[in-house]
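In each ligand, atom 1 is the first atom listed, and ligand 1 is the first ligand listed. This one's a predicted model, so the numbers in the text were calculated from it and none came from an experiment.
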Amino acid sequence: MSAPDYAIEVENLEKVYAASGKMPEKRALQSISLKIPRGSIFGLLGPNGAGKSTFINILAGLVTKTSGTARIWDMDIDQHPRASRAAIGVVNQEITMDPFFTPEEALELQAGFYGVPKGQRRTLEILDAVGLADKRDAYVRQLSGGMKRRLMIAKALVHRPPVLILDEPTAGVDVELRRSLWQYVRRLHDEGTTIILTTHYLEEAEELCDEIAIVNHGEIIACEPTPKLLARMDQRILKIQPREPLSAVPESLKHLDIRLLKSGELEIAYRNSETGIGRLLEQVREAGISVADLSTDQPKLEDVFVAMTTEAA
Ligand code: ADP
Ligand code: MG
């Protein structure tokens, strides 16, 4: 099979979870269309409840879509459910594992499940790659959380899928292990695997992904190469507390994007890449304001969502 241009293509993908018990009906995905290029590290970034896992689970065959189409490795998931799923390895958000198997047994079982013939299995190679070779005979319940997460990645790789999908790969993982997981993901990518990951950490998406789609309330509100997206997040807020609370914005500062707060403090919005904070402070002093305290704020992901949704409106 020749390699397609896109690892994943979805069009007008929609998911409505039916009402059950006291839970009302929930529209988790609202007509999402997305093309994920082969060879990329692609991030789906969004807050909890945005619909990221729903998207992943539809691809994985764990959730049934309500409408729309999805293609994995150029195969429609309705027409070719088995073949399309064989092209992905999915690592779910929750750690799920049978505690009574050793890592080696777990990988062998998984390979059997995917119908990988014994002669073509690479159990030890994979365990080595995720740093679990010395734990091959340990019981899973004796592994740390990070080791279990790595074992889940290992299980997703037994059938050599060209696309690896990681749902919140570092949730609940400590900082050090996070780095080592990132490193391993990059290595897989360098070896040719297309990587798709979801995260609610901007830092993680920024560090790993070459393209990022921002998901909010089941919609994709931005999808851009990472540097372009970050440039949009360039806005900073400088907050100034004068020694004497102000009652008006001084005339000489009115050309700035400036706001007087009820407390008598000032907030100035500026672009980090264009305006140095030193130059701003100079102007504030030239306006005769004596500064008691100051702070700067980077926009939070939520603010960026809001900015983008209003921009688009
Ligand atoms: P994310 O992974 O971005 O945190 P999810 O895809 O898990 O988001 O959830 C999206 C929305 O769908 C949330 O409001 C969530 O409560 C709801 N949801 C998820 N799974 C189910 C389900 N099985 N039944 C009903 N609602 C669900
Ligand atoms: Mg999720």
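In this structure, atom 4 (O) of ligand 1 lies nearest to the protein heavy atom Gly49 N, 2.7 Å.
Ligand 1 has no N or O atom lying under 3.5 Å from any N or O atom of Gln93, backbone or side chain. In terms of polar-atom proximity, Gly51 is counted as a contact of ligand 1, with an N or O under 3.5 Å from an N or O of the ligand.
When non-hydrogen atoms are compared, ligand 1 lies under 4.0 Å from the side chain of Lys26 (C-beta onward) but not from its backbone. Counting heavy atoms under 4.0 Å from ligand 1, residue Pro47 touches it through the backbone alone.
Distances from ligand 1 to the non-hydrogen atoms of Gly46 include no value under 4.0 Å.
A side-chain hydrogen bond (donor to acceptor under 3.5 Å, both in side chains) check over residues 284-294, counting only residues at least two apart or in different chains, returns the pairs Arg243-Ser290. Sorted by first and then second residue, the pairs that involve residues 152-168 and meet side-chain hydrogen bond (donor to acceptor under 3.5 Å, both in side chains), not counting sequence neighbours, are Ser53-Asp167, Asp167-Thr198, Glu168-His200.
Close contacts of ligand 1 with Ser53, meaning ligand atoms under 4.0 Å from a residue heavy atom, involve 1 (P), 2 (O), 6 (O), 7 (O). Distances below 4.0 Å separate heavy atoms of Asn48 from the following atoms of ligand 1: 4 (O).
Side-chain atoms of Ser31 and Glu14 form no donor-acceptor pair, as typed in the model, at a separation below 3.5 Å. Residues Glu108 and Thr123 bring a donor and an acceptor atom of their side chains to less than 3.5 Å of each other.
The ring pair (Phe, Tyr, Trp, His ring centres under 6.0 Å) test applied to His189 returns no partner, not counting sequence neighbours.
Seen from the ring of Tyr201, Arg178 counts as a face-on cation partner, given the 6.0 Å and 45° thresholds.
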Between Thr54 and Tyr17, is the side chain to side chain donor-acceptor pair (under 3.5 Å) condition met? List the steps. CA-CA 10 Å; Thr54 299; Tyr17 289 105; 2.9 Å; yes
Passes side chain to side chain donor-acceptor pair (under 3.5 Å), Glu265 versus Ser263? Steps please. CA-CA 5 Å; Glu265 296 168 303; Ser263 58; 2.6 Å; yes
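In this structure, Arg187 and Ala129 approach most closely via the heavy-atom pair NH2-CB, 3.6 Å.
The count of protein N, O or S atoms under 2.8 Å from the Mg ion (ligand 2) stands at 2, with waters excluded from the count.
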